[in-house]
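First up is the structure itself, then whatever we jot down about it.
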Amino acid sequence: MRGIIGKKLGMTLFFDDAGYSKSGTVIEVGPCCVTQIKTIEKDGYSAVQLGFGARRKKRATKPEIGHVKKHGLEPFQVLREFRDFEVSELKTGDEIKADLFSVGEKVDVTGVSKGRGFAGTIKRWGFGGGPKTHGQSNKYRMPGSIGHSSDPSRVFKGKHMAGRMGNERVTIKNLEILKIDPENNIIVVKGAVPGAKKGIVLIRK
C-alpha cells in the first residue's frame with residue numbers, strides 16, 4: 001500500500017462545512033524522503049523505503065550513515081518500507097508530502113499503543129469484579145475462578161488474566177481525512193489513533 005510516515009501531534013475538535021463538530025487527530029506527515037527503491041529483479045519484491053525525521057550523526061550508527069550518505073542524504077530517525085508505489089516515477093532523494101492524500105479519503109493508521117504496565121483483569125479486559133456484599137471482604141477486583149475441576153484439570157491457553165497492558169502495534173482502519181494543510185504537511189483524521197503525542201505512526205491508503 002502507498003503510504004507515508006507521520007508524527008502524532010494530538011487531538012482537536014474539528015467543524016465540517018455543515019457546522020457539525022468532529023473529533024480528529026492532527027498528524028504531521030513528512031516530508032518523507034525516498035532513501036531506497038527496491039525492485040523485483042534485484043530484491044525479489046517492489047517497494048519504496050522512506051525516511052522521516054532528522055537524526056544527528058552523533059546518534060546514528062555507521063551503517064545508518066553509510067546507507068543514506070551515498071545518495072547525499074543525512075541520517076533519518078525512522079525508516080519504513082511501503083509497497084504499491086509507482087517505482088518508475090520515483091528516484092532516490094524525492095520527497096513524499098501530504099499532497100499524497102485528499103480530503104474524504106479513507107486511510108489505515110498504524111502506531112504503538114500507550115504502555116500501561118502491569119494491569120489487572122478489570123482494567124485490562126473489562127471484568128466486572130466480585131460481589132460487594134454477602135460476606136465478601138477483600139476480593140472486589142479478583143478475576144474469579146480461572147480453572148476447572150478434575151476435568152481438564154488445567155487453565156486453558158489464552159485465558160484472560162492480569163498482565164502487561166498496551167505497548168503493542170495497533171492498526172485503526174478506514175479513518176476519514178477531514179482536512180489537509182499541504183504547506184505545513186499536516187493532516188487531520190477523524191477519531192483517535194494509537195500512541196501518545198509525538199509518537200510515530202504509519203498512514204496507508
Side-chain angles (χ1 to χ4, degrees), residues 1-9 24-114 166-205:
M1 290 183 176
R2 288 185 295 164
I4 198 170
I5 311 169
K7 181 193 295 183
K8 179 179 176 180
L9 300 181
T25 303
V26 183
I27 304 175
E28 178 187 349
V29 288
C32 294
C33 185
V34 177
T35 56
Q36 186 179 2
I37 296 177
K38 297 194 174 184
T39 59
I40 297 176
E41 295 77 14
K42 184 177 180 181
D43 304 286
Y45 65 100
S46 177
V48 173
Q49 186 186 79
L50 301 180
F52 172 74
R55 171 175 286 187
R56 291 184 295 171
K57 286 188 177 181
K58 181 180 178 181
R59 296 288 184 180
T61 62
K62 287 186 178 180
E64 290 173 342
I65 296 174
H67 178 62
V68 295
K69 185 178 180 180
K70 58 185 177 183
H71 303 298
L73 304 173
E74 295 295 324
F76 293 95
Q77 182 184 357
V78 183
L79 292 176
R80 291 291 185 273
E81 287 186 4
F82 294 89
R83 301 199 179 192
D84 294 338
F85 271 99
E86 292 295 335
V87 177
S88 59
E89 299 177 0
L90 295 173
K91 63 180 184 297
T92 306
D94 288 350
E95 286 190 341
I96 309 295
K97 299 182 179 180
D99 54 11
L100 178 69
F101 305 102
S102 59
V103 176
E105 193 174 17
K106 298 294 182 68
V107 294
D108 298 344
V109 181
T110 302
V112 178
S113 61
K114 291 181 180 180
N167 196 29
E168 296 177 337
R169 184 183 174 97
V170 180
T171 299
I172 307 296
K173 295 186 176 182
N174 295 326
L175 295 178
E176 180 186 357
I177 296 180
L178 300 177
K179 188 176 181 180
I180 297 178
D181 183 359
E183 295 182 358
N184 298 312
N185 283 308
I186 287 177
I187 66 172
V188 180
V189 297
K190 185 178 180 180
V193 303
K197 290 181 181 179
K198 299 184 179 180
I200 298 298
V201 295
L202 306 181
I203 302 100
R204 294 183 174 90
K205 301 188 90 170

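Nothing here was measured: the structure is a model prediction, and the numbers come from that model. FYI, side chains are in, hydrogens and waters are out, and symmetry mates aren't considered; it's all heavy atoms of this structure.
The heavy-atom pair separating Gly195 from Lys8 by the smallest distance is O-NZ, 2.7 Å. Here the closest heavy-atom approach between residue Glu81 and residue Ala47 is recorded as OE1-CB, 4.1 Å. The two residues Ile27 and Ile203 have their closest heavy-atom pair at CG2-CD1, 3.9 Å. Summarising the geometry of Val103 relative to Ile180, their closest heavy-atom pair is N-CD1, 3.7 Å, with the distance given to 0.1 Å. Nearest heavy atoms, Ala98 versus Val29: CB-CG2, 3.6 Å.
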inquiry  = Under the criterion side chain to side chain contact (heavy atoms under 4.5 Å, CB included), I'd like the reasoning laid out for Thr35 against Thr92: C-alpha separation, chi angles, the key distance, then a yes or no.
reply    = CA-CA 6 Å; Thr35 56; Thr92 306; 5.6 Å; no
With side chain to side chain contact (heavy atoms under 4.5 Å, CB included) as the criterion, how do Phe82 and Leu202 come out once you've worked through the C-alpha distance, each side chain's angles and the decisive distance to 0.1 Å? CA-CA 10 Å; Phe82 294 89; Leu202 306 181; 4.2 Å; yes
*Please walk me through it: do Glu74 and Arg55 pass salt bridge (charged side-chain N to carboxylate O under 4.0 Å, His left out)?*
CA-CA 8 Å; Glu74 295 295 324; Arg55 171 175 286 187; over 6 Å; no
Please evaluate residues Val193 and Ile172 with respect to the criterion side chain to side chain contact (heavy atoms under 4.5 Å, CB included), reporting the C-alpha separation (whole Å), side-chain torsions for both, the decisive distance (0.1 Å), and the verdict. CA-CA 7 Å; Val193 303; Ile172 307 296; 5.5 Å; no
Legend entry - Verdict with supporting geometry, Val170 and Thr110, side chain to side chain contact (heavy atoms under 4.5 Å, CB included): CA-CA 6 Å; Val170 180; Thr110 302; over 6 Å; no
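No donor-acceptor distance shorter than 3.5 angstrom exists from the side chain of Asn184 to the backbone of Asp181, with no hydrogens or angles considered. A donor-acceptor pair is defined here as one N or O able to donate and one able to accept, closer than 3.5 Å; no such pair exists between the side chain of Thr171 and the backbone of Val109. A donor-acceptor pair is defined here as one N or O able to donate and one able to accept, closer than 3.5 Å; no such pair exists between the side chain of Lys114 and the backbone of Asn167. One N or O on the side chain of Lys205 and one on the backbone of Leu100 form a donor-acceptor pair closer than 3.5 Å. Between the Asp43 side chain and the Thr39 main chain, a donor and an acceptor come within less than 3.5 Å of each other. Judged purely by atom type and a 3.5 angstrom limit, Asn174 has no side-chain atom pairing as donor or acceptor with the backbone of Asp108.
When each of Arg80, His67, Lys38 is tested with Gln49 by the rule side chain to side chain donor-acceptor pair (under 3.5 Å), just one qualifies, namely His67.
Between the CG atom of Asn185 and the SG atom of Cys32 there is a distance of 8.5 Å, given to the nearest 0.5 Å.
Remark: Lys190 NZ is loosely packed, at most 12 non-hydrogen atoms of other residues, nucleotides or ligands lying under 6.0 Å away.
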